[in-house]
There are 2 protein chains.
Amino acid sequence: MIDELDRRILAILQVDASINNQDLAERVHASAPTCLRRVKRLREIGVIERQVTLLSPTALGPSLTAIVELSLDIQSAERLDAFEARVAGEAAVMQCYRVSPGPDFVLVVQVADMPAYHALVHRLFNAAANVRNVRAFFSVQRTKFETALPL
Amino acid sequence: MIDELDRRILAILQVDASINNQDLAERVHASAPTCLRRVKRLREIGVIERQVTLLSPTALGPSLTAIVELSLDIQSAERLDAFEARVAGEAAVMQCYRVSPGPDFVLVVQVADMPAYHALVHRLFNAAANVRNVRAFFSVQRTKFETALPL
DNA sequence: GCTGAAATCACACATTA
DNA sequence: TAATGTGTGATTTCAGC
């Protein structure tokens, strides 16, 4: 399904989506049309989900990243799904992982400042009666941020 | 420095980097050259860091995501930097945050399976004598993964 | 994998507020 | 004067062969 050439293509695209097709073709030692076909197929079968632009988190003014772990009162599928839906609607929530063991969710949130963080927590957690426990760490600096999956 | 038009451009590019310049221009109600100039400038001043391709984490076969919190024995700047450098070299480590309070680092790691996870932990943590404490959660499912900063 | 038509991009220049 | 809009040449994409 995914051969060696596909992998080489993906490895490059993961790191640099702005590369043009013929440069890509050159780097993977294939012809441009072949390369294009592969990319198109990888997109169609869902291996390539989307291409995004990463912005510098500091360039747009100060911002605060927090890692938030939280546990719900009741871990039924309905409650977990409902909470997840709430969380997904918050623009400040960058990532949400349903985990085990430990807390039920780990969130990575990005807000402008401490008041904004507080407002988010209040809106999201205090309002939802079924949050039992919250534990948060504030990121002093983001050392590494890779979106590239190991191939 | 960053005006309303820039913001509109960024909001779109964050979500879709594959959009072409004239479609982008149309959506932000600007001419194509203006749009192109803005994007170029945003890239130059570092607001736009890079464009990447996001792959489906499941499409390439099974994989395991873990959130790993760890504390070092000694929190001197040198030790922290040294650990950070080790971590940055591991392809399986997708994200690394230096946090406070709580543990010293929070990592998001992505590996093929449990043995691979174990090997990583052994390589990274056990080998480095200055890791005091490790706590890991395994992600059952990644609910949300946004790279877009709230504008 | 190659070639050619169609679209797209990128840049210099004129223009306006 | 600084940002916008117009036009043209060069690339790039993408179809058929």
Carboxylate-amine/guanidinium contact A:D3 A:R38, below 4.0 Å: yes

Separation of atom CD in B:E4 from atom P in D:dT4, rounded to whole Å: 13 Å

Minimum-distance nucleotide (side-chain atoms of B:L5 versus D:dT4, C:dC9, C:dG1): D:dT4

Sugar-phosphate only, base, or nothing, as touched by B:R41 at under 4.0 Å among non-hydrogen atoms: nothing

Distance, rounded to the nearest Å, where A:E26 contributes CD and D:dT13 contributes P: 13 Å

B:N21 side chain near C:dC9 phosphate (N/O to OP1/OP2, under 4.0 Å): no

Phosphate OP1/OP2 of D:dT4 contacted by B:R38 side-chain N/O (<4.0 Å): yes

Length of the line joining A:Q22:CD and D:dT12:P, which is rounded to integer Å: 4 Å

Ring centres under 6.0 angstrom apart (A:F83, A:F105): yes

A:I2 side chain near A:L42 side chain, heavy-atom distance below 4.5 Å: yes

B:R37 CZ - D:dT4 C1' separation (whole Å): 6 Å

Aromatic ring pairing A:Y117/A:F138, orientation class (parallel under 30°, perpendicular over 60°, tilted between): perpendicular

Residue B:L36, side-chain heavy atoms: nucleotide from C:dA10, D:dC14, D:dT4 that is nearest: C:dA10

D:dC14 phosphate, OP1 or OP2, under 4.0 Å from A:K40 side-chain N/O: no

Min side-chain heavy-atom separation B:Q95-B:L107 under 4.5 Å: no

B:T34 side-chain N/O to D:dG5 phosphate OP1/OP2 under 4.0 Å: yes

Closest to the B:P33 side chain, choosing from C:dG1, D:dT12, D:dG7: D:dG7

Whole-Å distance separating the NE2 atom of B:H29 from the P atom of D:dT4: 15 Å

Nearest-Å distance for atom pair CG/C1', residues A:D23 and D:dT13: 13 Å

Atom-pair distance (CG on B:L24; P on C:dT8), nearest Å: 14 Å

Nucleotide C:dA10, atom P - distance to CD of B:E44 in whole Å: 13 Å

